[in-house]
Amino acid sequence: MNLQQKYVAFKTILIKEWLRFMRIWIQTVLPPAITMVLYFIIFGNLIGSQIGGIKGFTYIEYIIPGLIMLGIIANSYANVVSSFFGAKFQRHIEEMLVSPTPNYVILLGFIAGGVVRGLTVGVVIFLVSLFFTHLQIHSLFVTVSVVLLTSVLFSLGGFINGVFAKSFDDISIVPTFVLTPLTYLGGIFYSIDMLSPFWQKVSLINPILYMINAFRFGILGISDISLLASFAIIIAFIAGLFIVGLYLLDKGVGIRT
Amino acid sequence: MPTALSIRNLTKTYKNGLTALKGISLDVREGDFFALLGPNGAGKSTTIGIASSLINKSGGKVFIFGKDIDVEFAEARSYLGLVPQEFNFNVFEPVVEIVVNQAGYYGIDRKRAFAAAEDCLRRLGLWEKRHSAARELSGGMKRRLMIARALVHGPKLLILDEPTAGVDIETRRAMWDFLRKINAEGTTIILTTHYLEEAESLCRSIAIIDRGVLIENTSMRRLLDTLHLETFVLYLKDPIRFLPELPEHDIQQVDDATLEVSISKEKSLNKVFTDLSCHGIEVLSMKNKANRLEELFVRLVNEKAAPASPARASIA
Ligand SMILES: Nc1ncnc2c1ncn2[C@@H]1O[C@H](COP(=O)(O)OP(=O)(O)O)[C@@H](O)[C@H]1O
Ligand SMILES: [Mg+2]
């Protein structure tokens with residue numbers, strides 16, 4: 001396959017993924033929008049006014065970056081894990097496996113699908129948030145690059161989960177028991193400066209903390225963590241997970257007997 | 001003539017320790033209509049799965065139009081179209097998208113992919129159904145969808161794994177006609193089946209596998225001829241030095257007191273005995289020679305997975 005053909009194959013997977021989650025938008029795009037409206041009503045209007053601000057921002061302003069990130073992380077991951085597991089389960093992954101499309105293009109295609117889903121949900125939440133508060137973006141470059149990289153990272157995570165998943169239970173274990181707690185404890189709702197020194201240190205081993213803070217810097221211009229550390233950690237995770245994902249595909253783990 | 005598919009010493013042992021292929025070698029000529037016949041569990045799907053990169057082999061080599069599937073995998077795969085035994089499309093996806101996407105995986109850009117998909121779907125009578133989700137199709141239509149999908153990139157070799165299993169008789173006939181047509185247009189076709197009738201009616205060449213071993217690889221004509229013959233071992237009363245000329249019969253001398261005679265099932269054995277005794281040869285006793293192929297066919301026919309029309313009696 002020449003480069004042009006590989007690009008066509010990549011685009012095909014991306015379009016297929018996009019159509020897939022849009023076909024089921026009631027399950028994929030609508031729920032995060034509704035959850036966010038609830039967050040905004042509760043934390044923005046009902047109890048937010050009683051909590052007081054953090055670092056010069058109202059409470060709702062402070063938590064919006066984290067809420068957007070929560071949606072992006074959960075949806076990028078969910079898109080790839082369920083799509084790849086579904087492709088295995090219904091065996092239509094074989095459509096790609098018999099074709100000349102190289103494995104890295106397949107992997108990139110699934111990641112791109114996860115990123116598009118993450119971004120779609122991110123944009124929807126962002127638009128919803130505009131009804132409740134006035135947001136300005138401090139640094140567009142940081143905002144966009146953190147969103148993209150985080151989305152790539154969790155798409156890769158979802159992919160690896162999908163490779164190993166043998167049942168529908170297996171695709172919800174990691175999101176429920178790992179991702180959700182780490183995201184909630186990653187400083188969506190608070191600054192780690194508000195924690196005791198011990199819990200601050202513990203928080204630092206949570207990679208999601210770095211992403212949420214980098215993203216908050218992009219929007220609000222404040223962060224608990226240095227930007228450089230955040231980017232370094234995100235990129236290191238992406239590199240590691242990409243190598244693992246490609247290795248699993250090359251070995252045919254879970255897909256070639 | 002170039003070889004469309006060449007398999008050398010193919011072996012496969014599954015993770016559970018089961019050896020499904022025990023060293024299979026075979027060649028399929030370009031333009032051929034080739035049957036891979038064998039009872040359930042013989043290793044047909046395993047062979048095809050390996051050729052189409054869905055199953056990792058344990059040993060051996062596979063070439064598609066001369067391209068090693070391990071080395072020049074992209075070329076090898078682009079020559080091949082696969083219709084697997086089990087449905088393997090996304091049942092929620094609309095028919096046309098399934099076919100267009102498949103073209104995309106072969107690097108065919110979307111505009112040309114749509115044109116190719118339309119052509120294939122029309123040929124298989126699915127164009128009216130193009131916007132339906134795959135799960136809304138009938139069984140026969142699903143099968144045809146898989147054929148359309150396999151043809152969308154214009155493969156030179158089409159492999160179909162039991163394409164007519166569970167398909168009603170009319171659809172089967174229509175499918176046969178279609179396959180004959182694309183074969184006449186130049187596509188090499190390999191199909192696996194455990195219906196003898198199907199292989200006989202469609203194919204010019206045939207390979208038979210059983211329990212992971214290749215038993216026969218020949219032309220359909222020759223196979224049918226062999227199946228019409230029965231072989232008997234004759235034990236002679238007195239040893240003979242040499243066998244007299246008996247041009248009417250197919251007789252071989254095994255040793256000085258044993259002969260083997262192959263005779264069409266419709267013919268009487270009396271003539272053999274008469275002609276032998278004319279030359280002073282007296283037969284003491286005889287037995288029917290066990291024929292592996294024959295046994296296999298009896299099993300195939302007895303499997304009763306056969307289609308509504310029974311396999312022809314002349315073969316049983
Ligand atoms: N994934 C698998 N794991 C273990 N054994 C398998 C697997 N697939 C097939 N087999 C076994 O390999 C043998 C050959 O199977 P298969 O190639 O499907 O035969 P056929 O297509 O001729 O019916 C059978 O005994 C079958 O049970
Ligand atoms: Mg089979």
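To find a chain, count down the sequence lines: A is the first, B the second, and so on, and within it residues start at 1.
Identified by a heavy-atom distance below 4.5 Å to chain A, the contributing residues of residues 9-26 of chain B are B:K12, B:Y14, in residue-number order. Proximity to chain A at a heavy-atom threshold of 4.5 Å picks out B:G104, B:Y105, B:Y106, B:G107, B:I108, B:D109, B:R110 from residues 104-141 of chain B, in numerical order. Identified by a heavy-atom distance below 4.5 Å to chain A, the contributing residues of residues 81-98 of chain B are B:L82, B:E86, B:F87, B:N88, B:F89, B:N90, B:V91, B:F92, B:E93, B:P94, B:E97, B:I98, in residue-number order.
Under the 3.5 Å distance criterion, the side-chain polar atoms of A:R256 are left unmatched by any main-chain donor or acceptor of B:N56.
Applying the 6.0 Å contact sphere to CH2 of A:W18 captures no more than 12 heavy atoms from other residues, nucleotides or ligands. No more than 12 heavy atoms of other residues, nucleotides or ligands sit less than 6.0 Å from atom CZ of A:F89. Shown here is A:L3, whose CG atom has no more than 12 heavy atoms of other residues, nucleotides or ligands within 6.0 Å. Atom CZ of A:F237 is surrounded by 12 or fewer heavy atoms from other residues, nucleotides or ligands within 6.0 Å.
Contacts with chain A were tallied for B:R77, B:H153, B:R149; B:R77 has the most, counting heavy-atom pairs under 4.5 Å. Contact tally against chain B (heavy-atom pairs below 4.5 Å) for A:R91, A:Q90, A:M96: the top residue is A:Q90. For chain B, the option among A:I15, A:T101, A:V98, A:V105 with the highest count of heavy-atom pairs below 4.5 Å is A:V98. Ranked by heavy-atom pairs under 4.5 Å with chain B, the first of A:I255, A:I93, A:L19 is A:L19. Highest contact tally toward chain B, considering only A:R23, A:H92, A:Q5, is held by A:H92 [criterion: heavy-atom pairs under 4.5 Å].
Shortest non-hydrogen contact noted between A:P100 and B:A74 is CB-O, 3.5 Å. Residues B:Q102 and A:S99 approach most closely at NE2-CB, 4.5 Å, considering heavy atoms.
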Name every donor-acceptor pair, under 3.5 Å, that has one atom in a side chain of residues 114-123 of chain A and the other anywhere in the protein, sequence neighbours excluded.
unit_1: A:R117; atom_1: NE; unit_2: A:N75; atom_2: OD1; d: 3.1
unit_1: A:R117; atom_1: NH1; unit_2: A:N79; atom_2: OD1; d: 2.8
unit_1: A:R117; atom_1: NH2; unit_2: A:N75; atom_2: OD1; d: 3.1
unit_1: A:T120; atom_1: OG1; unit_2: A:V116; atom_2: O; d: 2.6

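Contacts of A:K251 with chain B are made by backbone atoms alone, with heavy-atom separations under 4.5 Å and no side-chain atom involved.
Note that the CG atom of B:L54 and the CG atom of A:L97 stand 6.0 Å from one another [nearest 0.5 Å].
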